[in-house]
Amino acid sequence: MPRYNPKDVEPKWQDRWNEAGAFAAERDGDKPKYYVLEMFPYPSGRIHIGHVRNYAMGDVIARYKKACGFNVLHPMGWDAFGMPAENAAMQTGAHPRDWTYANIDVMRGQLKQMGLAIDWSREFATCDPEYYRHQQRMFLEFWKKGFAYRKESQVNWDPVDQTVLANEQVIDGKGWRSGAPVERRKLSQWFFKITGEADDLLAALDDGRLAGWPDNVRLMQRNWIGKSKGLQMMFRFVGATDLPAELADGVEIFTTRPDTLFGASFIAVAPDHKLAAHFAETDPKLKEFITECQKTGTSEEAIEKAEKRGYKLPVEMGHPFDDRRLPVFVANFVLMQYGTGAIFGCPSGDQRDLDFARKYGLPVPPVVLPPNEDPATFRIEDEAYVGPGTIFNSGFLDGLSTDDAIAAAIKKIEEMGEGEGKIQYRLRDWGVSRQRYWGCPIPAIHCEACGIVPVPAGDLPVLLPAVDAEEFKTPGNPLDRAADWKNVPCPECGKPGRRETDTMDTFVDSSWYFARFASQPEDRPTDKKTVDSWLPVDQYIGGVEHAILHLLYARYFSRMMKACGYLSVEEPFSNLFTQGMVVHETYLDSDETKSLKDRWLLPEEVVRRDGKVVHAESGAPVIVGAIEKMSKSKRNVVSPEAIAETYGADAARWFMLSDSPPERDVEWTDAGVEGAWKLVNRVWDAVAPAKGALKPHDLANPPGDMDEAGVALRRATHAAIDGVTEDIEHFRFNKAIARIYEFLNTLKKTPPMKKADGSPANSVRAEAFAQAEALAALVRLVAPFTPHLAEECWETLGGPETGMGELVCDAPWPKADPALLAKDEIVLAVQVNGKRRAEIAVAASADNETVEQAALSDETVKRHIDGKTVRKIVVVPGRIVNIVAN
RNA sequence: GCGGGCGUGGCGGAACAGGUAGACGCAACAGACUUAAAAUCUGUCGGGAGCAAUCCCGUGCCGGUUCGAGUCCGGCCGCCCGCACCA
């Protein structure tokens with residue numbers, strides 16, 4: 001019997017698929033379409049095993065759906081713009097373009113080695129001018145329609161590197177590379193008006209348009225959009241102020257809790273608020289305080305976690321409902337981006353306000369009485385009460401519920417003409433400007449006379465200028481220094497102008513790539529008819545880390561593209577699956593004289609010897625660290641190439657889908673992949689001796705004279721088909737795999753049916769049929785998971801001669817016969833007072849009375865109810881019997 | 001800080017919609033084959049008591065609902081992820 005050798009077999013079938021054009025998607029005939037898409041990779045250098053898991057999942061779906069008769073689109077491309085290429089340029093001197101395309105070449109080869117059923121003819125990278133030129137064209141249209149606009153916003157600025165920093169590049173308030181304290185700086189930037197679609201983006205989460213999305217992702221998006229109803233109102237200064245006219249009116253605040261207005265004890269504005277800026281002009285200490293606040297990063301997390309601090313302004317404000325005077329602070333926990341950048345503080349009803357009030361000795365009047373509390377004894381100590389209750393200490397609101405009080409307070413303020421009920425969103429407009437080189441240039445020209453002018457459509461694309469690789473080692477944005485490129489005449493007046501040097505956020509690139517995969521006309525982003533024939537994506541698969549931004553931006557982008565006539569769907573992804581990460585142990589060299597950075601060891605540098613973990617070469621002890629997401633910095637990565645080299649792509653794919661549920665993290669272990677390798681061989685060992693077994697049988701016509709063993713095998717076969725099909729449909733790959741194991745165990749335990757001895761001829765024919773059917777099913781069931789192995793088995797069994805398909809990837813998915821799934825006899829557990837005491841076998845069709853009698857007559861059951869009175873018998877048909885006795 | 005997720009044998013996990021906890025895999029142990037090892041095959045495998053039949057305990061912790069709770073409810077504890085310029 002030939003040994004299975006993936007090194008020969010896998011490339012052989014990859015070539016055969018290629019020659020046959022097996023995975024080209026074509027919109028012809030009357031087959032229904034199915035679009036499977038995995039989030040495309042960033043070309044970071046090499047494929048890691050996390051990619052293998054992601055793409056293996058999509059591949060199972062693609063191959064399964066193809067077998068089920070769908071016309072499948074399963075494309076691949078590269079999310080190729082972004083910071084790592086520029087970081088690499090700074091470190092190694094390689095030009096981002098060269099670095100990126102070289103990485104793509106390597107990674108394409110690695111993906112092909114995995115045997116994915118991908119239509120490679122549609123591949124592109126987002127840094128291809130042929131892709132981003134269309135993005136520029138859409139940008140101009142969005143601009144014209146008012147979807148794109150400019151406004152000022154805050155960024156993290158590194159004064160040494162002369163660059164804007166991502167939040168992840170700010171560590172303890174300092175730039176990651178320069179170590180210089182980060183400043184917050186205002187820049188004029190481009191935005192997409194995503195808030196204009198906030199309502200529809202929110203509505204679609206619940207109206208069925210995203211029924212195929214996981215609840216947790218929809219919830220995260222709902223929270224992100226953060227629709228809240230509240231009150232926007234003015235607080236007025238007490239007495240005369242010498243403030244300029246635009247500030248003298250007072251401070252406009254937004255609150256979701258107008259019911260707690262009587263609990264107000266201060267007013268606070270954000271450090272970026274214009275009122276703060278005004279007083280800072282004449283107050284150096286305030287100026288210093290604001291600068292201090294700006295050293296906190298721009299992330300919401302950093303701001304929320306920082307100690308609550310404030311600076312008191314020399315003004316006071318009146319309470320709208322009584323004659324109290326409230327102090328006014330500049331406070332570091334008030335966010336300028338949300339609401340109006342100003343709040344009223346109610347310490348008894350908000351933890352941040354309470355912390356602040358305690359720190360600055362402000363009063364804490366309680367105004368919401370929790371249920372079952374006595375107003376005489378209720379006190380706020382260290383915890384604010386944020387829940388519902390009855391309003392007290394609150395004048396005209398006393399005795400109302402929180403909900404009623406909210407309505408009453410809004411009504412009153414509206415009557416007073418001091419404000420109105422308002423809906424606020426947490427969602428902010430999408431800032432798409434990036435002060436970087438390696439991104440899609442924003443097609444605009446600044447002109448002293450004409451302002452900001454669009455690049456004429458005929459002049460597109462605005463290509464990135466050729467920049468010397470050395471340029472990236474100089475601080476700042478190379479585009480700013482590319483004089484030849486930057487200095488151009490204004491397209492409107494012809495006077496000297498300069499190009500916009502901002503490039504687009506890479507989330508823009510990934511917001512429409514799925515549409516471009518479906519349709520790639522040369523002269524426009526998409527051909528509407530073609531793209532509509534494929535969209536929406538039927539199954540989108542990717543990491544949960546994209547649950548909010550990428551998926552929300554893509555949803556918004558579809559709406560903009562629809563408005564411009566490029567496609568017809570609002571929601572581009574009808575079903576979403578978010579898979580977990582691949583994690584691995586980390587290993588640390590025990591030599592503490594080295595810097596931590598240099599002590600991390602690759603998994604292949606480490607071996608387990610006599611229960612100890614040691615360095616493979618030196619034998620020195622190794623510290624086993626936490627199990628973490630695979631990352632370059634901790635070196636806990638395994639190379640898919642090395643795995644494929646040793647065990648083959650099939651084993652790697654199988655392992656990545658077995659054991660752990662796909663939505664959960666999976667730990668990569670050597671033992672695990674060895675287990676998968678064993679499986680590959682067990683399948684081969686089951687198939688190889690049955691060479692040509694399929695040819696003599698017509699699987700559609702089972703013989704009628706099957707004996708018991710044959711019927712048992714057929715039942716197992718059809719149970720496996722049924723179970724695996726259900727499991728794949730529901731993304732339970734780990735369970736599908738468990739069922740395949742079960743089936744294979746049964747198959748192996750069934751004695752060989754082609755007997756050479758004197759068995760009756762009919763029986764041999766019938767049993768051989770059962771076995772052929774089992775093998776044909778087995779091979780097709782494993783095909784989505786281990787496609788190369790399946791092809792080799794299919795050929796060996798004589799599959800091509802059955803008329804089902806030359807290749808198993810073209811063969812139809814097996815169908816379970818319901819008649820073989822039904823059981824005649826079932827085993828029921830019998831409980832006495834809720835504890836399992838016995839099992840009884842009854843006919844599947846037995847009625848409750850029969851079941852009760854069978855249960856009561858069981859010896860063990862009798863013993864347990866002896867001397868007691870049976871009070872009740874619960875019979876759950878097909879499941880359990882519970883006898884209640886005392 | 002806010003939001004989301006997860007806690008089941010030595011390990012990854014299974015358990016449908018409240019109905020036999022531990023499917024399937026890994027590891028481990030015992031045996032077969034082998035000069036030997038690897039590979040392969042067979043068996044055992046949550047803890048405890050018992051020769052056995054069988055019984056007691058057991059799904060992070062405390063409490064509740066129910067004939068019946070890993071699953072539902074309330075309260076804790078622990079771990080992981082996201083938070084707008086990483087992709």
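Values below: every heavy atom of this structure, side chains too, minus hydrogens, waters and symmetry copies. Below, read A as the first sequence line, B as the second, and so on, with proteins coming before strands; counting in each chain starts at 1.
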Trainee: Between the protein and nucleotides 68-74 of chain B, list every N/O to N/O distance that falls short of 3.5 Å.
Mentor:
none

Trainee: Where the side chain of A/Gln351 meets the backbone of A/Ala384, is there a donor-acceptor pair that is under 3.5 Å apart?
Mentor: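 Yes; at least one donor-acceptor contact below 3.5 Å.
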Trainee: Which word best sums up how the rings of A/Trp654 and A/Tyr741 line up, parallel for under 30°, tilted for 30 to 60°, or perpendicular for over 60°?
Mentor: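 A/Trp654 and A/Tyr741: perpendicular rings.
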Trainee: Within the structure provided, determine whether A/Arg53 and A/Ser660 are in side-chain contact (heavy-atom separation under 4.5 Å).
Mentor: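 Yes, at least one pair of side-chain atoms sits under 4.5 Å.
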Trainee: Distance check needed: B/A14 P versus A/Leu657 CG, whole Å only.
Mentor: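 That distance rounds to 14 Å.
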Trainee: In whole Å, measure the gap between the P atoms of B/C81 and B/U71 for me.
Mentor: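 Comparing P positions in B/C81 and B/U71 gives a spacing of 26 Å.
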Trainee: Whole-Å distance between B/G1 P and A/Asp353 CG?
Mentor: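 Distance check: A/Asp353 CG to B/G1 P gives 16 Å.
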Trainee: When you check the glycosidic angle of B/G31, does it come out syn, meaning within 90° of 0, or anti?
Mentor: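 This nucleotide is in anti.
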Trainee: B/C16, OP1 or OP2 - any side-chain N/O from A/Lys735 closer than 4.0 Å?
Mentor: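 For A/Lys735, the contact criterion (side-chain N or O under 4.0 Å from OP1 or OP2 of B/C16) is not met.
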Trainee: What distance, rounded to whole Å, do you find between the two P atoms, one in B/G64 and one in B/G78?
Mentor: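 Roughly 24 Å separates the two P atoms.
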Trainee: Can you measure A/Ile737 atom CD1 to B/C26 atom P for me and round it to whole angstrom units?
Mentor: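 Rounded to the whole Å, the gap is 12 Å.
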Trainee: Mind checking what makes side chain to side chain contact (heavy atoms under 4.5 Å, CB included) contact with A/Lys872, not counting sequence neighbours?
Mentor: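 Applying side chain to side chain contact (heavy atoms under 4.5 Å, CB included) to A/Lys872 gives A/Val874, A/Val884.
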Trainee: Whole-Å distance between B/C86 C1' and A/His48 NE2?
Mentor: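 The answer, rounded to whole Å, is 13 Å.
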Trainee: How far, in whole Å, is B/G74 from B/A69 if one measures between their C1' atoms?
Mentor: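 Taking atom C1' in both B/A69 and B/G74, they lie 15 Å apart.
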Trainee: Using the six-membered ring wherever Trp is involved, compare the ring planes of A/His48 and A/His51 and label them parallel, tilted or perpendicular (cut-offs 30° and 60°).
Mentor: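 Taking A/His51 first and then A/His48, their aromatic rings sit tilted (interplane angle of 30° to 60°).
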Trainee: Which dot-bracket string describes RNA chain B (Watson-Crick N1-N3 plus N6-O4 or O6-N4, or G-U N1-O2 and O6-N3, all under 3.5 Å; [ ] crossing; | other strand)?
Mentor: (((((((..(((......[....))).(((((.......))))).((((....))))..(((((..]....))))))))))))....
Trainee: Who pairs with A/Thr100 by side chain to side chain donor-acceptor pair (under 3.5 Å), at least two apart in sequence or on another chain?
Mentor: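 Per chain and number, A/Thr100 pairs via side chain to side chain donor-acceptor pair (under 3.5 Å) with A/Trp438.
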Trainee: Please list, by residue number, the residues of residues 868-880 of chain A whose heavy atoms come closer than 4.0 Å to an atom of RNA chain B; answer none if no residue qualifies.
Mentor: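 Close to the strand are A/Val874, A/Val876, A/Arg879, A/Ile880.
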Trainee: Sticking with atom C1', work out how far B/C26 lies from B/C45, rounded to a whole angstrom.
Mentor: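 Comparing C1' positions in B/C26 and B/C45 gives a spacing of 13 Å.
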Trainee: CG of A/Asp727 versus P of B/C24: gap in Å, rounded?
Mentor: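 One finds 15 Å between P of B/C24 and CG of A/Asp727, rounded.
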Trainee: Quick check on B/C57: is either OP1 or OP2 less than 4.0 Å from any side-chain nitrogen or oxygen of A/Lys835?
Mentor: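 Indeed, a polar side-chain atom of A/Lys835 lies that close.
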Trainee: What is the distance, rounded to the nearest whole Å, between atom CD of A/Gln435 and atom P of B/C86?
Mentor: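 My rounded result for the distance is 12 Å.
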Trainee: Residues two or more places apart in sequence or in another chain: which of them pass salt bridge (Lys or Arg N to Asp or Glu O under 4.0 Å) with A/Lys227?
Mentor: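 Result, salt bridge (Lys or Arg N to Asp or Glu O under 4.0 Å) vs A/Lys227: A/Asp199.
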Trainee: Using atom C1' of each nucleotide, how far apart are B/U66 and B/C86 to the nearest Å?
Mentor: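 Approximately 50 Å lies between the C1' atom of B/U66 and that of B/C86.
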Trainee: How are the rings of A/Trp430 and A/Tyr553 set to each other: parallel, tilted or perpendicular (split at 30° and 60°)?
Mentor: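 Rings of A/Trp430 and A/Tyr553: parallel, as their planes differ by under 30°.
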Trainee: Scan residues 78-88 of chain A against RNA chain B and write down, sorted by residue number, each residue with any heavy atom closer than 4.0 Å; if none is found, say none.
Mentor: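 Heavy-atom cutoff 4.0 Å gives A/Asp79, A/Gly82, A/Met83.
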Trainee: According to side chain to side chain contact (heavy atoms under 4.5 Å, CB included), who are the partners of A/Asn223, at least two apart in sequence or on a separate chain?
Mentor: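 With neighbours one apart ignored, the set is A/Leu219.
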Trainee: Working note: A/Asn848 + A/Glu852, criterion side chain to side chain donor-acceptor pair (under 3.5 Å); need CA distance, chi angles, decisive distance, verdict.
Mentor: CA-CA 6 Å; A/Asn848 284 4; A/Glu852 280 180 25; 5.8 Å; no
Trainee: Would you say B/G19 has OP1 or OP2 under 4.0 Å from some side-chain N or O of A/Arg836?
Mentor: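 Answer no for this pair, as no side-chain N or O of A/Arg836 is under 4.0 Å from OP1 or OP2.
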Trainee: Please name all residues satisfying side chain to side chain donor-acceptor pair (under 3.5 Å) with A/Arg682, sequence neighbours left out, ordered by chain then number.
Mentor: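 Listed in chain order: A/Asn745.
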Trainee: Tell me if the aromatic rings of A/Phe81 and A/Tyr132 count as close, with their centers under 6.0 Å from one another.
Mentor: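 Yes: the rings meet the under 6.0 Å criterion.
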Trainee: By nearest atom, which of the nucleotides B/C85, B/C55, B/A84 is closest to the A/Gln189 side chain?
Mentor: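 Side chain of A/Gln189 sits closest to B/C85.
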Trainee: Measuring only the C1' atom in each nucleotide, how far is B/U44 from B/C62? A whole number of Å is fine.
Mentor: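 So the two C1' atoms sit 37 Å from each other.
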Trainee: By nearest nucleotide on RNA chain B, pick out whichever of A/His864 and A/Glu674 is the more 5' one.
Mentor: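 Nearer the 5' end of the strand: A/Glu674.
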Trainee: Test A/Asp502 against A/Ser433 for side chain to side chain donor-acceptor pair (under 3.5 Å), laying out the working first.
Mentor: CA-CA 6 Å; A/Asp502 285 355; A/Ser433 281; 2.9 Å; yes
Trainee: Checking side chain to side chain donor-acceptor pair (under 3.5 Å) for the pair A/Trp213/A/Gln221: CA distance, chi angles, key distance, verdict?
Mentor: CA-CA 11 Å; A/Trp213 282 37; A/Gln221 293 217 344; over 6 Å; no
Trainee: Mind checking the C1' distance from B/A21 to B/G58? Whole angstroms is fine.
Mentor: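 Here B/A21 and B/G58 have their C1' atoms 10 Å from each other.
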Trainee: Give one of base, sugar-phosphate or nothing for A/Asn681, where a contact means two heavy atoms less than 4.0 Å apart.
Mentor: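 Nothing, no nucleic acid heavy atom in range.
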Trainee: Not counting sequence neighbours, which residues clear side chain to side chain contact (heavy atoms under 4.5 Å, CB included) with A/Val386? List them please.
Mentor: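 Scan of A/Val386 (side chain to side chain contact (heavy atoms under 4.5 Å, CB included), adjacent residues dropped) gives none.
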Trainee: List in chain and number order the residues that pass salt bridge (Lys or Arg N to Asp or Glu O under 4.0 Å) with A/Arg871, two or more places apart in sequence or in another chain; answer none if no residue qualifies.
Mentor: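 Not a single residue meets the salt bridge (Lys or Arg N to Asp or Glu O under 4.0 Å) criterion with A/Arg871.
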Trainee: If you measure from the C1' atom in B/G13 to the same atom in B/G46, how many Å do you get, rounded?
Mentor: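 Their C1' atoms lie roughly 15 Å apart.
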Trainee: Would you indicate, yes or no, if B/C85 has its OP1 or OP2 atom less than 4.0 angstrom from a side-chain nitrogen or oxygen of A/Arg434?
Mentor: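 True: A/Arg434 side-chain N/O within range (under 4.0 Å) of B/C85 OP1/OP2.
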Trainee: From the list B/G13, B/G3, B/C41, which nucleotide is the closest neighbour of the side chain of A/Asn223?
Mentor: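 Looking only at side-chain atoms, A/Asn223 lies closest to B/G3.
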Trainee: Over how many whole Å does the gap from A/Tyr647 atom OH to B/A39 atom P extend?
Mentor: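 So the OH-P distance, A/Tyr647 to B/A39, works out to 11 Å.
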Trainee: Each nucleotide N or O in nucleotides 5-12 of chain B that has a protein N or O under 3.5 Å away: list the pair and distance.
Mentor:
from: B/G7; atom 1: OP1; to: A/Arg664; atom 2: NH2; distance (Å): 3.3
from: B/G12; atom 1: O2'; to: A/Ser660; atom 2: OG; distance (Å): 2.8
from: B/G12; atom 1: N2; to: A/Asp659; atom 2: OD1; distance (Å): 3.1

Trainee: Do the two ring centres, one from A/Phe733 and one from A/Phe731, sit under 6.0 Å apart?
Mentor: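 Centroid distance A/Phe733-A/Phe731: below 6.0 Å, so yes.
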Trainee: What is the distance from CH2 of A/Trp654 to C1' of B/G25, rounded to the nearest Å?
Mentor: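 One finds 10 Å between C1' of B/G25 and CH2 of A/Trp654, rounded.
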Trainee: Checking side chain to side chain donor-acceptor pair (under 3.5 Å) for the pair A/Glu38/A/Gln579: CA distance, chi angles, key distance, verdict?
Mentor: CA-CA 10 Å; A/Glu38 301 95 55; A/Gln579 101 278 7; over 6 Å; no
Trainee: Is the ring centre of A/Tyr540 less than 6.0 Å from the ring centre of A/Phe577?
Mentor: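 Aromatic pair excluded; centres sit 6.0 Å or further apart.
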Trainee: Would you mind telling me which residue lines up with the more 5' stretch of RNA chain B, A/Met220 or A/Phe507, judged by nearest nucleotide?
Mentor: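 Taking each residue's closest nucleotide, the earlier one in sequence belongs to A/Met220.
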Trainee: Does B/C56 have OP1 or OP2 under 4.0 Å away from a side-chain N or O of A/Arg837?
Mentor: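 So the side-chain polar atoms of A/Arg837 do come within 4.0 Å of the phosphate oxygens OP1 or OP2 of B/C56, strictly under.
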Trainee: Quick one: is B/A23 close enough that its OP1 or OP2 comes under 4.0 Å of any side-chain N or O from A/Asn734?
Mentor: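 No, because none of the side-chain N or O atoms of A/Asn734 sits under 4.0 Å from OP1 or OP2 of B/A23.
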